Number of protein chains: 2
Amino acid sequence: MIDGLDARILELFTREPRIGVLEASRRLQVARGTVQARLDRLRDTGVIASLAPTVDPAALGFRVTAFASLDIRQGARASVAAHLSRIPEVLEVHTITGQGDLLCRIVARDNDDLQRVIDDLVGDDDIVRTSTLIALSTVVAPRILPLVESAATPPSRSWSTRGITPGESDRNSAVVP
Amino acid sequence: MIDGLDARILELFTREPRIGVLEASRRLQVARGTVQARLDRLRDTGVIASLAPTVDPAALGFRVTAFASLDIRQGARASVAAHLSRIPEVLEVHTITGQGDLLCRIVARDNDDLQRVIDDLVGDDDIVRTSTLIALSTVVAPRILPLVESAATPPSRSWSTRGITPGESDRNSAVVP
DNA sequence: AACTCCAGTGGACAATCTGCACAGTGGTTT
DNA sequence: AAACCACTGTGCAGATTGTCCACTGGAGTT
């Protein structure tokens with residue numbers, strides 16, 4: 001899906017988001033248009049899902065993160081989903097295999113507040129049982145770069161054979177106006 | 001921590017990241033400097049944790065998401081953490097309460113590939129037991145705006161009393177040069 | 001009541017960047 | 001061989017950014 005240059009672009013923009021296309025092209029030793037085209041394609045293909053700023057719930061005062069596993073009544077998935085999406089502290093919900101039916105990522109201001117959120121959570125009669133795991137500390141913070149690099153493995157791809165290796169940028173003769 | 005204007009700024013930049021400070025100030029009916037100052041402060045206070053592009057693992061070919069709960073040997077947390085951070089498919093790890101000791105968010109190319117990732121995962125002898133939950137579907141996609149809105153305390157705060165209500169922007173007389 | 005503090009306003013400036021276009025090059029594919 | 005495609009280097013107009021400035025008005029303080 002992506003090649004080494006894409007990975008380097010993603011890495012650069014992840015580390016220094018405000019860098020801009022022009023400066024990025026300088027750092028990567030490629031033409032500005034190339035970086036621009038790559039970025040456009042990365043957005044078009046969905047690799048770059050969003051350019052939205054990442055908001056830290058902790059900085060908003062929600063210092064507790066927890067994962068709640070919910071057992072729900074058969075066929076009530078949709079209604080439970082609607083219920084959950086109405087709770088702001090529910091950041092993410094997945095259907096999962098295993099004992100539980102749903103796994104929610106939730107936040108709260110503190111442990112007492114977490115109780116309130118959980119009470120909100122289980123306010124739906126279609127939720128049969130819940131089990132909550134409180135995140136005590138973050139061992140590996142959310143990251144994506146290692147995966148990006150591992151996804152870029154093949155040094156060359158059909159739609160991008162050149163521009164991978166740094167230092168070959170001025171091989172073309174310049175266009176004389 | 002944040003007020004209504006901050007929330008509206010975050011919402012605007014989340015929905016339309018490429019909007020720019022100038023256009024944002026027009027939409028929000030406030031002075032450009034205000035938006036700029038708010039954004040600076042949101043970054044300084046950590047509310048905006050990052051401006052990095054959000055990369056979608058699925059678009060990189062990692063279509064399977066799973067959560068792995070790991071029981072680890074006493075006191076081996078640090079070494080296990082190091083082990084986990086060496087695996088690119090491990091996107092996030094938390095220490096948790098409850099039966100397991102660690103909760104990992106992992107991705108893989110497909111179900112077979114997930115087995116490989118899990119094998120990598122349990123390659124550490126300090127990991128005693130694992131239990132994996134595969135995410136079958138996303139019921140509520142990762143989101144933050146509802147929380148932002150709920151965090152936006154009453155219309156006024158100590159360091160931001162004005163500029164909340166639209167339509168009052170041109171109340172001040174202009175500075176005549 | 002007078003005063004200070006602070007966030008917001010409207011404006012101005014230079015410097016920079018973006019979006020877009022173009023022709024030429026060279027590797028790959030048909 | 002011809003077509004195709006990605007990349008390069010370049011140019012340009014328009015827009016935006018970063019950073020000043022002086023002033024206004026509300027809130028809290030002395």
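Here is how names work: the chains are called A, B, and so on, in the same order as the sequence lines, proteins then strands, and each is numbered from 1. Bear in mind that the values here come from a model prediction, so they are computed numbers and not experimental data.
Judged by distance alone, with hydrogens and angles left aside, B:Arg32 brings a side-chain donor or acceptor within reach of the base of D:dT19, the pair sitting under 3.5 Å.
Taking 4.0 Å as the cut-off between side-chain N and carboxylate O, A:Arg18 and A:Glu23 do not count as a salt-bridged pair. Ionic pairing of A:Asp3 and A:Arg38 is present here: one or more N-O contacts between side-chain nitrogen and carboxylate oxygen are shorter than 4.0 angstrom. A salt bridge between A:Arg73 and A:Asp125 is absent, with no side-chain N of the basic residue lying under 4.0 Å from a carboxylate O of the acidic one.
Set against D:dT17, D:dT16, C:dG19, the side chain of B:Arg26 has D:dT16 as its closest nucleotide. In the set C:dC17, D:dA6, C:dG19, the nucleotide with an atom closest to the side chain of A:Arg38 is D:dA6. Which of D:dT16, D:dG18, C:dG8 sits closest to the side chain of B:Gln36 comes down to D:dG18.
Here C:dG19 presents its P atom at 12 Å from CG of A:Leu22, a figure rounded to the nearest Å. Remark: P of C:dG10 and CD of B:Gln29 are 10 Å apart, rounded to the nearest angstrom. Rounded to an integer number of Å, the gap from CG of B:Leu28 to C1' of C:dA7 is 16 Å. In this structure, B:Asp40 atom CG and C:dC6 atom C1' are separated by 16 Å, rounded to whole Å. Nucleotide C:dT16 holds its P atom 11 Å from the CD atom of A:Glu23, rounded to whole Å. Following rounding to the nearest Å, A:Asp44 (CG) and D:dA6 (C1') show an atom-to-atom distance of 16 Å. The CG-P distance, from B:Leu39 to C:dG8, rounds to 12 Å in whole Å. Rounded to an integer number of Å, the gap from A:Leu5 CG to D:dC7 P is 7 Å.
Checked against A:Arg116 for a salt bridge (Lys or Arg N to Asp or Glu O under 4.0 Å), the options A:Asp119, A:Asp112, A:Asp120 give a single hit: A:Asp120.
Of the two residues near DNA chain C, A:Ile19 and A:Gly33, the one whose nearest nucleotide lies more 5' is A:Ile19. Toward the 5′ end of DNA chain D lies the nearest nucleotide of A:Val35, the other residue of the pair A:Arg18 and A:Val35 mapping further downstream.
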**Asked** Given B:Ser69 and B:Ser131, is the side chain to side chain donor-acceptor pair (under 3.5 Å) satisfied, shown in steps?
**Response** CA-CA 5 Å; B:Ser69 172; B:Ser131 143; 5.2 Å; no
